[in-house]
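To start, the structure under review is shown below, and the notes come after it.
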Amino acid sequence: SYVALWLLLVLIAIGLLSALYHLGVIYNRLESNTLRFPPPTKISPGDIVPEVTLIAQDGSPSSIAQFSGEKTAFVVVSPDCAPCLEFLEGVKSDNGMVDRSVYRIVIMSIGDLASTMELARKADVSSEIPLLIDTERMLEEVWGVSTTPIMLTTDEHLALERQHVVVHDQMLTLERAKRKEGRPHG
């Protein structure tokens, strides 16, 4: 009778090991099918944001070094990007998109001056918010920006604290906030 119990115990152990093996195979298949997104920039948290000189609204060169000394959120958009317009509207409405400890918001647009100014007009961006235009695509080349809209929050030394990519769920949150305010969506 002990032999039968040992045999039953061995069969149960083999069954459990087989189940664990198959769970591992299933996990690996699911893991390999998971969507993987590239990081939004090649800057890592803690790194000093590389220097770039962009064009200010008045056409003069503007270095990002001028924004050191205060915690800053750099919002990177493209004029032909529909989510960028929604994101800009969300950033200016103070609905929690920007960390409350951020002192200054700087908008950086990858595109031409006329299209960028039209985007700023549509989003009703305050003239007090610096708007820099990247006509040479330096943000792509130097920072490695791979998508828009994104927001990079830096400390007072321009060290990256956080990168924030706008995804569909956040756009839905903005849409809900607009509906609560009674503003039309779209």
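Side chains included, hydrogens not; waters and symmetry mates left out as well; all remaining heavy atoms used. Note that the structure is a prediction, hence the values are computed from the model and not measured.
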message: When you compare the side chain of Cys81 with that of Phe87, does any pair of heavy atoms fall below 4.5 Å?
response: no
message: Would Leu119 and Val77 count as a side-chain contact (heavy atoms from CB on, under 4.5 Å) here? Give the steps.
response: CA-CA 9 Å; Leu119 175 68; Val77 296; 3.7 Å; yes
query: Which distance, rounded to the nearest 0.5 Å, do you find between the CD1 of Ile150 and the NE2 of His164?
result: 10.5 Å
message: The test is side-chain contact (heavy atoms from CB on, under 4.5 Å); show your working for Thr148 and Cys84 and say whether it passes.
response: CA-CA 7 Å; Thr148 58; Cys84 293; 3.6 Å; yes
task: Identify the two heavy atoms, one from Ala120 and one from Leu131, that lie closest to each other, and give their separation to 0.1 Å.
output: CB-CD2, 3.8 Å
- request: For Asp134 and Leu139, indicate whether the former's side chain and the latter's backbone hold a donor-acceptor pair under 3.5 Å.
  value: yes
- request: Mind listing the closest non-hydrogen atom pair of Gly46 and Ala159 along with its distance?
  value: O-CB, 3.8 Å
task: Specify the closest pair of heavy atoms between Ile48 and His157, including all atoms of both residues, with the distance to one decimal.
output: CD1-O, 3.4 Å
message: Rounded at 0.5 Å granularity, tell me how far CG in Leu132 sits from CD1 in Ile107.
response: 9.5 Å
field: Residues Trp143, Met138; criterion side-chain contact (heavy atoms from CB on, under 4.5 Å); working and verdict
entry: CA-CA 7 Å; Trp143 287 11; Met138 294 301 296; over 6 Å; no
message: If I take atom CZ from residue Arg137 and atom CD from residue Glu141, how far apart are they, to the nearest 0.5 angstrom?
response: 11.5 Å
- prompt: Rounded to the nearest 0.5 Å, what separation is found between the CG atom of Leu152 and the CD1 atom of Ile43?
  reply: 5.5 Å
- prompt: Should the heavy atoms of other residues, nucleotides or ligands under 6.0 Å from CD of Glu136 be counted, would the total exceed 12?
  reply: no
- prompt: Sub-3.5 Å donor-acceptor pair from the side chain of Ser115 to the main-chain atoms of Asp112, do we have one?
  reply: no
- prompt: Taking Ser60 for the side chain and Ala56 for the main chain, is one N or O donor matched with an acceptor at less than 3.5 Å?
  reply: no
message: Whether Arg104 and Glu70 form a salt bridge (side-chain N of Lys/Arg under 4.0 Å from carboxylate O of Asp/Glu) is what I want to check.
response: yes
message: Is there a continuous path of hydrophobic side-chain contacts, each under 4.5 Å between heavy atoms, that joins Leu16 to Leu8?
response: yes
- prompt: Which atom names give the shortest non-hydrogen contact between Leu113 and Gln57, and what distance separates them?
  reply: CD1-O, 4.2 Å
message: Between Leu88 and Val75, does the side-chain contact (heavy atoms from CB on, under 4.5 Å) criterion hold? Intermediate values first, please.
response: CA-CA 8 Å; Leu88 286 177; Val75 177; 4.1 Å; yes
- prompt: Distance-only, no hydrogens or angles: does the Gln66 side chain make a donor-acceptor pair with backbone N or O of Ser63 under 3.5 Å?
  reply: yes
- request: May I ask you to say whether Lys122 pairs ionically with Glu89, meaning some side-chain N is under 4.0 Å from a carboxylate O?
  value: no
- line: Closest non-hydrogen atoms of Leu160 and Thr154, given as atom of the first, atom of the second and distance, are CA-CG2, 4.3 Å
statement: Distance col, row Gln163:CD vs Lys42:NZ, nearest 0.5 angstrom, shows 12.5 Å
message: Between Met151 and Val76, is there a side-chain heavy-atom distance shorter than 4.5 Å?
response: no
- prompt: Between Ser78 (side chain) and Asp80 (backbone), is there a donor-acceptor pair under 3.5 Å?
  reply: no
- prompt: Where do Gly111 and Ile133 come nearest, in terms of heavy atoms and distance?
  reply: O-CG2, 3.1 Å
- request: Any chance you could measure Ile105, atom CD1, to Lys71, atom NZ, to the nearest 0.5 Å?
  value: 12.5 Å
